[in-house]
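What follows is one structure encoded as structure tokens, with my remarks underneath.
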Amino acid sequence: MVLQTKEVVQQFGGLTAVNRVSMQIEDGQIVGLIGPNGAGKTTFFNVITGVNTPTAGSVHFMGEEITGIPAHEIVARGIARTFQNIRLFKNMTAQENVIAGMHTESQANLIDAIFRTKRHRTETLACEQKADELLELVGLYAYRYELATRLPYGHQRRLEIARALASSPKLLLLDEPAAGMNEQETADLLEFIRRLRGMGYTILLIEHDMKLVMSICENIYVLDHGELIAQGAPEEIQSNPRVIEAYLGKEG
Amino acid sequence: MNSIYQALAKRQGLVQILLLAAAAVFPLLVSNPYVIRLSILSGIFIILSLSLNLLTGFSGQISLGHIAFYGIGAYTAAILSKNFGLNFLLCMVAAIVVTALFGLLLGLPALKLGGYYLAIVTLGFSEIVRLVEINWMELTNGPLGINGIPKPALFGIKLSSPRAYYYMCLLLVVLTIVVIRNILESRIGYALGTIRGDENAAKFMGVNIFRYKIMAFMVSAGIAGLAGAFFAQYVTFIDPTSFASDQSTLVLIMVIFGGIGSLPGSVIGAVVLTLVPELLRSLMEYRMLIYGVVLVFMMLVRPEGLLGKINFKHIRQRCTAEPPDGKEGS
């Protein structure tokens, strides 16, 4: 099992944003997390990635407990994420953005940097090469020297994924990867996520685009008002009355 | 303008060698002690602006109290060499270590504060340092300052001619440039860049924000302390007026004038803003007015500074790579 959360609760003052959510993700799965706006999906992501320490409950990754560990250490353990609103580094080129994501992949310290030791030089070359490979993978190699902010929107989303992959994660968290994309771009993304699974990544994604979620995820969790209201295969979710109610409101 | 930048970027190595050669030959051609003195002063301000740019420009930590580190370095070197007869090289190393420790101290609040709040804390820090310099008579001799600081000597040879000081200063400038450039081009530079760009995203790159902010403060402070140590041994007399907060502002103006986040910009900013008030000296009381007008004009025409947002590495990469999909490279 890659990720397991047990009865995770996250309260902000009097508000319970996530209420006793348990989730299990097996190796190589693509799991979807859906729910209406404000259901607590991003908060749940924040708990897994170490932004917030949950009020109660635990998070286990690859058999080890990671509850309450700082975000940068969780990245080092193998969880990477993208953001709902793109958060690329504006002053950096596409290639530099990906290299920035490789922080946990190299070890050079201040002394290595100042004296340009062998370790520094070897790592720098390796990082550049790996960055170019990742840019090739997401189809942005030709744009590697462009400033990230100059890329079209769809490219920026893909660059964010490449940057997340740079830390060689086991689990990839995608927060609304198709947001703002047109149909063609969404279809390309779908293809791309399938390829990632083929490469051995395990993926958890938040998404509003139902077509994408239903066609790609093996297992779907539905949140509403912080609570898990359903879980199962796409067909089960589509016909689940509680899910329909959460999205469309009660009948009559 | 773009083609000039491209030409410079492509021949970066050559430009650097030519500039260095010019700087090395300069004191052999010019013997006017006033000019040499101004060059040395420019050199000190180059080191200060570069170190502040590392902190503010490349790591996004605004500091309005940078001169405090300069002062701490100067006093450390002055006291150690005068009272303990320490060799000037050891004084410089000690100044770096002591100021780096103060950098650590100032870096701690920076972990919780950002932007304007941090700026206020750094301003307060520099005022505290200045007050200590004025009031701790036993250590600093207060407002009277410390005079008769021994001049540097190596193996019994005094290095106190203007030319010797000039070359020592040039060496320190080159050293500072190399050290800061090497840091910025390493994974540490990338880590600092992520903190500057977006602190919330930085931690998801696996960057330990605590560690790198402290590192930026320590390295930046240490380099400013080195400049202070050199200054003390150059002028042989220091008092608290050299380290007042208007000097911090001056260094910050140099960084902004040259371009936040540009190393060549800091060098140009420091040289221009050291020389301009001197060149205008004949205009007497109007010179600060003109100086101010120049700065305001500059900020109106190029708010990002002379070389702000001009990244020679990016320009060079784009020149050499084929443009994407046959489109125009930009």
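A, B, ... follow the sequence lines: proteins, then strands. Residue 1 opens every chain.
Among B/G193, B/G189, B/A201, the residue making the largest number of heavy-atom pairs under 4.5 Å with chain A is B/A201. Most heavy-atom pairs under 4.5 Å with chain B: of the set A/R163, A/E73, A/E105, this distinction falls to A/R163. Ranked by non-hydrogen atom pairs under 4.5 Å with chain A, the options B/V179, B/L184, B/T194 are led by B/T194. Per-residue counts of heavy-atom pairs under 4.5 Å with chain B were compared for A/A108, A/A76, A/G101, A/S167; the largest is that of A/A108. Ranking B/I209, B/D198, B/V219 against chain A, the residue ahead of the rest is B/D198, based on heavy-atom pairs under 4.5 Å. Counting heavy-atom pairs closer than 4.5 Å to chain B, the top-ranked of the candidates A/I79, A/V75, A/L88 is A/V75. No other option in A/G50, A/S106, A/C127 has as many heavy-atom pairs under 4.5 Å with chain B as A/S106.
Proximity of A/M102 to B/R187: side-chain heavy atoms (C-beta onward) are nowhere separated by under 4.5 Å. Side-chain contact between A/F115 and B/N182 is absent, with no heavy-atom pair separated by less than 4.5 Å.
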Quiz item: Between A/E146 and B/H314, is a side chain to side chain contact (heavy atoms under 4.5 Å, CB included) present by the stated rule, with each step listed?
Solution: CA-CA 8 Å; A/E146 291 297 316; B/H314 295 171; over 6 Å; no
Quiz prompt | CA sep, side-chain torsions, deciding dist, call: B/N200, A/R87, side chain to side chain contact (heavy atoms under 4.5 Å, CB included) | solution = CA-CA 9 Å; B/N200 285 317; A/R87 298 185 102 152; 3.5 Å; yes
Quiz item: Can you list the steps and then say if B/K203 with A/I74 is a side chain to side chain contact (heavy atoms under 4.5 Å, CB included)?
Solution: CA-CA 10 Å; B/K203 53 185 177 228; A/I74 289 182; over 6 Å; no
Exercise. Using the side chain to side chain contact (heavy atoms under 4.5 Å, CB included) rule, take A/V51 and B/F204 through it: C-alpha gap first, then chi angles, then the decisive distance, then the call.
Key: CA-CA 9 Å; A/V51 180; B/F204 296 110; 3.1 Å; yes
Practice problem: Begin with the C-alpha distance, continue with both residues' side-chain angles, and end with the deciding distance and a verdict on salt bridge (charged side-chain N to carboxylate O under 4.0 Å, His left out) for B/K313 and A/E96. | Solution: CA-CA 11 Å; B/K313 178 187 161 198; A/E96 287 172 338; 2.8 Å; yes
Scan the side chains in residues 93-108 of chain B for donor-acceptor partners under 3.5 Å anywhere in the protein, sequence neighbours excluded, and list what turns up.
from  : atom 1 : to     : atom 2 : distance (Å)
B/T99 : OG1    : B/A95  : O      : 2.6
B/T99 : OG1    : B/I96  : O      : 3.1
B/T99 : OG1    : B/A221 : O      : 3.4

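Within a 6.0 Å sphere centred on CZ of B/R181, heavy atoms belonging to other residues, nucleotides or ligands number more than 12. Within a 6.0 Å sphere centred on CZ of B/R302, other residues, nucleotides and ligands contribute more than 12 heavy atoms. Other residues, nucleotides and ligands contribute only 12 or fewer heavy atoms inside 6.0 Å of the OH atom of B/Y117. Other residues, nucleotides and ligands place more than 12 heavy atoms under 6.0 Å from the OH atom of B/Y167.
For B/Y212, the part lying under 4.5 angstrom from a heavy atom of chain A is the side chain only. Residue contact with chain B, scored on non-hydrogen atoms closer than 4.5 Å, is absent for A/A80. The parts of A/L110 that come within reach of chain B are both its backbone and its side chain, each placing non-hydrogen atoms under 4.5 angstrom from that chain. Neither the backbone nor the side chain of B/V178 comes within contact range of chain A; no heavy atom of the residue lies under 4.5 Å from a heavy atom of that chain.
The line from CG of B/N311 to OG1 of A/T93 is 8.5 Å long, rounded to the nearest 0.5 Å. Atom OH of A/Y145 and atom CD1 of B/I315 lie 14.5 Å apart (nearest 0.5 Å). Residue A/K90 holds its NZ atom at 11.0 Å from NZ of B/K309, rounded to the nearest 0.5 Å. Taking NE2 from A/H103 and CE from B/M205, the interatomic distance works out to 11.0 Å, rounded to the nearest 0.5 Å. Distance check, rounded to the nearest 0.5 Å: CD1 of B/I180 to CD1 of A/I114 gives 9.5 Å. Taken to the nearest 0.5 Å, the OG atom of B/S186 stands 9.5 Å off from the CG atom of A/N109.
With respect to B/E185 and A/R116, a salt bridge is recorded, a charged nitrogen being found less than 4.0 Å from a carboxylate O.
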